Amino acid sequence: MVWHLLPRYPPSLIVKPAVDPTIETDSFRTTYHPNSGLPADRCQRVDRFDEYQPSKPPPTPAEYLSTLSSPPWAPFESKEAFELYELIHKFGLSQSETDDLLRVIHTLVTKRPDFNWTTTDVKVTYQDEEFSFPFTHRSLWGWVTDILSDPFLASQCTWDAEILEKFDGNDFVRFFHEPWTGDRFWNVQSKLPPGGKPLAILLYADKTKLSTFGSQKGYPIIAQLLNLPSHIRNSAGLGGSRVVGFIPILKEDESQKKKKAYVNFKRVIWHETFRILLSTIRDKSLRDVLHLFPWIMVFSADYEEQCVVALTRGAQSHFPCPICYIPSDKLSDLRVKYKRRTAKGTRAILREAAKHSKTDAERLLQQRGLRHIQNAFWDVNYSSPFRSLSFDRMHNYPSGLGGRHIWPWLKGHILELGADIAARLDSQMDLMPSWSSLQHFDQVISVDFSDAGKFEDVLKQLFFATQNLVSVTENPEIYSLLKVLRSYINLDSYAALNVHTARTINAGRRELVRFSDRLHAYVDEFELTPEGKPAININFPKAHVHSHMFDDIMNKGVLKNYNTMTNEKVHHILKRYYHERTNFRNIDTQLARIDQYNVASMVIRERIDYLEESLQGNHEDEHEDEEELGNFGRVNLGAGQPARSIKAIDSDCKFDSYHPTFPDFARNLSNISTPNIRISKSSITEYRYLKIYFETTVDWRTDMNRLRCSPMFFGSPRYDNVLTHDANNEPIFMQLRFVFTYQVGDQVLPLALVQPYTYNSPSQRDNDLELIRLRSRTTLTFIPVRSIIRGVLLAPTFSNKNYFHLVDVIDPDMFIRTRMLFNKRPESDLDSDLGIDLNEADWDLGSNVDSESSTSTWADSE
């Protein structure tokens, strides 16, 4: 480890010191914020790859238990009594059956004010009449102190901004993952007094149907502490997403619902509700409390909810984007960057509107796409809604741009080609090979999907199943749409990365422009309508909002930090509570009470788990998986078959390609180390299941593939494919045909008989659709199983049984690895090949550029 002195500059302006020649490739450099309290000569450190520790060690059981003043199961009399309550709570027995135990847990709740919920009236005037709505909520600051009072959770918090870089042999390349690695965390900490720590909060809100037919709805507000690492805050346990309130739901008045004044009335209720919720952190965001300064770093929401947060007028307004001032007729043009909205600028517009008559004020606000309402988030320092709103992958990609637009367009084209083509598409989707992380679909044309996960998997496979059904000459519009789909799944793959580097961000920016160009090329294939308009409207909000995606990653870390999918899982829990634990009246207060007991139960369970760990010690399970029979470093073999003689195996194995005989191969191996071994008495053991562990190219952690090499797996043969390398370290794709172990002397060797593929020169179609075409060889060969790098998925081309396409979008590692292997990464040169650089040199900026850069000082309430 090496320490360096750091100049006090913003992250994008840091002057990197000359690279120390002793620094090893793949070393990590961490730059801590100058306000972190570290000595000036300790604000930067370099760790070798094997030394780097991205996460903090938790307290030991003894350290944790030393903070408790009573037995871990208190206030229950014993561990057994608590576990009985835990079962009752889990299965939702009625209150009459659990009165005694509920009274016990209630004593814990009343002793912990931070657990407590309250109801406050939200009072709003509409048409000269005052209305009052009950708001059930807990203290937001109490929720924070609840987390910080937990020894484990407090130990896992990161309080200082960090700049992380990885050395590639020539340059230190910056990378982003957690929120504190982004520019915004750094910039906010720069504005705090010395020793001040940003306490970053994520809020989420969305209405959900609780009853089966949707007559009863809930509107939960969910909070996360972004100082905690993602594996904790995105979990269902302590430190994970926590409900902190229920927004009052106004009963719809059919005679009023479309009136502008009534819509504004509902927006006022929403913001007055949040003003109450935020009141417990408002003053603390301005002054030092335990050196912590709470602020709303992220508001996670879909587009419709974002418009409520930003108080914009939605998709039909002149400026539909809640982040910037892009005109409604330019939403699909991603080559132009428009001025960003700011709290300071918005307040100035509202002040100007207040000087005019009601009609003139409405005209002024309509021109900006704004509502004349004071935003609740302006009350909290550094919490401008235009900075906290973030790109939501789930609603904007699989459940938006991909699933709700591109797929219906493609489906419509396929149906126009006739029933035979539609049936072929279903058949080819059914023929797509299985992969452990992808759902398999036997048909898609007649199926209506609603789940984001299904849309994501459908679109990845649909591209490969459709590519042979259309031609550039006969179906130019569908061919253009396939190019749009290819660019879309590339963008979704970039969005899925759990670590982004400066290079992947700039490659993603290039892909955004490519997507925009392809989308416009697709529309150009159609004739204009009689009104002179395009036949397909591509100017809708979700065609635009991903233009902010990579800015969000640089400012707030990767998208998993604020994906709504994490918090929508809480909806399912609330629905279960509603059906199993309530009497369907006063829903908010009943759900709050159940949540209260649930949190209290988790606190006690954590204490007991720590006690048991301290008594038993931390012993890892030596038998991770009963199916695994052999362990060979990075490779685990399972589903072993009875040992058989080499001659028996050789006579029984019938392959449709030439291969060297098992006896000849075994004899060659044996002669190397154990001459004169009797092959006739040697045996081998076949295995039909493999686990391959490998280091990913995305976050440099270990991942795992589950592979099969079986003549019969769930009713069909399954022979998966792998990536390995030859003697010159060149990549080779191969199909597993027979996996086995063979003993040479005292050494057991894991081996595989494989069928290699060769890389074919790309055709024009391959280049247009970015396809990598492989051809299976006619001969088989033996390889050591340890040479396998990872598993891969190959899709049939559906035009020749010997040709296949590499499915490069099965997971983030395969996506990045493919671009590295085939030199398809436009990000290969950090400085000279950025495409769309951070200085925006390739953007047509015009007069609409926001003068405020990502590293400028924060305006207004920020």
Side-chain angles (χ1 to χ4, degrees), residues 301-342 346 365-371 385-386 389-409 480-481 483-485 487-488 490-492 494-495 508-526 528-529 531-552 559 836 840 842-850:
D302 60 17
Y303 170 77
E304 290 73 16
E305 197 76 16
Q306 287 192 6
C307 291
V308 176
V309 177
L311 287 170
T312 55
R313 298 195 177 208
Q316 303 305 314
S317 66
H318 294 308
F319 298 97
C321 179
I323 306 298
C324 72
Y325 284 107
I326 185 170
S328 58
D329 60 347
K330 301 291 185 182
L331 288 170
S332 61
D333 188 355
L334 304 183
R335 281 188 172 270
V336 182
K337 292 196 88 172
Y338 289 83
K339 183 178 180 179
R340 290 183 67 101
R341 299 178 186 269
T342 65
T346 302
L365 294 170
Q366 194 173 40
Q367 290 172 353
R368 304 294 194 279
L370 293 170
R371 300 185 184 277
F386 310 115
L389 292 176
S390 308
F391 178 77
D392 173 40
R393 180 187 171 215
M394 184 183 76
H395 286 101
N396 289 311
Y397 272 171
S399 287
L401 185 58
R404 305 298 182 186
H405 295 279
I406 296 176
W407 165 227
W409 295 340
S480 286
L481 184 56
K483 291 162 73 174
V484 174
L485 176 57
S487 194
Y488 163 81
N490 287 349
L491 283 170
D492 190 45
Y494 280 117
R509 291 187 192 276
R510 292 172 68 96
E511 192 65 57
L512 275 173
V513 173
R514 187 179 296 112
F515 173 84
S516 178
D517 292 346
R518 288 177 170 181
L519 187 60
H520 283 90
Y522 166 61
V523 174
D524 291 343
E525 296 289 349
F526 296 89
L528 297 178
T529 64
E531 295 79 19
K533 296 181 179 180
I536 292 180
N537 176 33
I538 58 173
N539 287 310
F540 50 89
K542 289 177 182 177
H544 161 76
V545 291
H546 58 165
S547 67
H548 301 297
M549 172 169 61
F550 295 104
D551 292 335
D552 283 338
L559 298 187
I836 298 172
E840 301 167 336
D842 287 356
W843 293 85
D844 177 14
L845 296 177
S847 60
N848 294 305
V849 182
D850 189 356

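Remember, predicted model here, so these are calculated numbers, not experimental data.
- Contact of the Asp302 side chain with the Lys542 side chain is not registered, since no non-hydrogen atoms from C-beta on lie closer than 4.5 Å.
- Within the 4.5 Å cutoff, the side chain of Ile323 has no heavy atoms near those of the Val545 side chain.
- For residues 389-403, every residue pair satisfying the side chain to side chain donor-acceptor pair (under 3.5 Å) rule, not counting sequence neighbours, is listed here: Ser390-Lys556, Asp392-His395, Asp392-Thr564, Arg393-Glu456, Arg393-Asp492, His395-Thr564, His395-Glu568, Tyr397-His546.
- Partners of Asp524 by side chain to side chain contact (heavy atoms under 4.5 Å, CB included), not counting sequence neighbours: none found.
- Partners of Asp333 according to the side chain to side chain donor-acceptor pair (under 3.5 Å) rule, which considers only residues two or more places apart in sequence or in another chain, do not exist here.
- Atom CG in Asn490 sits 4.5 Å away from atom CD in Glu511 (nearest 0.5 Å).
- Considering all non-hydrogen atoms of both residues, Leu491 and Gly508 come closest at CD2-O, 3.9 Å.
- If you take CD on Glu304 and CD on Gln306, they are separated by 9.0 Å, rounding to the nearest 0.5 Å.
- Closest approach of Pro385 to Val309, counting heavy atoms only: CB-CG1, 3.9 Å.
- With values rounded to the nearest 0.5 angstrom, Leu481 atom CG is found 7.5 Å from Ile536 atom CD1.
- For the atom pair OG1 (Thr346) and CZ (Phe386), the distance works out to 3.5 Å, reported to the nearest 0.5 Å.
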*Before giving the answer on side-chain contact (heavy atoms from CB on, under 4.5 Å), spell out for Leu370 and Leu365 the whole-Å C-alpha distance, their side-chain angles and the decisive distance to 0.1 Å.*
CA-CA 5 Å; Leu370 293 170; Leu365 294 170; 4.2 Å; yes
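- Between Asp517 and Lys483 there is no salt bridge, since no side-chain N of the basic residue sits under 4.0 Å from a carboxylate O of the acidic one.
- In terms of heavy atoms, Trp409 sits closest to Asn537 at CZ2-O, 4.1 Å.
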*Where do His544 and Cys324 land on the side-chain contact (heavy atoms from CB on, under 4.5 Å) test, with the steps shown first?*
CA-CA 10 Å; His544 161 76; Cys324 72; 3.4 Å; yes
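- The side-chain heavy atoms of Phe515 and Leu401, taken from C-beta on, include a pair separated by under 4.5 Å.
- Taking every heavy atom of both residues into account, Phe391 and Met549 meet most closely at CE2-SD, 3.6 Å.
- Listed by first and then second residue, the side chain to side chain donor-acceptor pair (under 3.5 Å) pairs involving residues 310-322 are Arg313-Glu362 (not counting sequence neighbours).
- With sequence neighbours left out, the side chain to side chain donor-acceptor pair (under 3.5 Å) criterion links Tyr488 to no other residue.
- Inter-residue side-chain proximity for Tyr303 and Pro322 is flagged as met; some heavy-atom pair is nearer than 4.5 Å.
- Remark: side-chain polar atoms of Arg341 are paired, donor with acceptor, to backbone N or O of Cys321 under 3.5 angstrom.
- Of all heavy-atom pairs spanning Pro408 and Gly402, the tightest one is CD-O, 4.3 Å.
- Annotation: the span from Asn539 atom CG to Leu519 atom CG amounts to 8.5 Å, rounded to 0.5 Å.
- Every residue meeting the side chain to side chain donor-acceptor pair (under 3.5 Å) condition with His520, not counting sequence neighbours, appears here in chain and number order: Ser332.
- For the pair Phe319 and Pro327, the minimum side-chain heavy-atom distance is below 4.5 Å.
- Here the straight-line distance linking atom CZ of Arg509 with atom CG of Leu334 works out to 12.0 Å at 0.5 Å rounding.
- The minimum heavy-atom distance linking Cys307 with Pro320 is given by the pair SG-O, 4.3 Å.
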*Given the rule in the side-chain contact (heavy atoms from CB on, under 4.5 Å) test, do Glu305 and Leu389 qualify, once you have shown the distances and angles that lead to the verdict?*
CA-CA 10 Å; Glu305 197 76 16; Leu389 292 176; over 6 Å; no
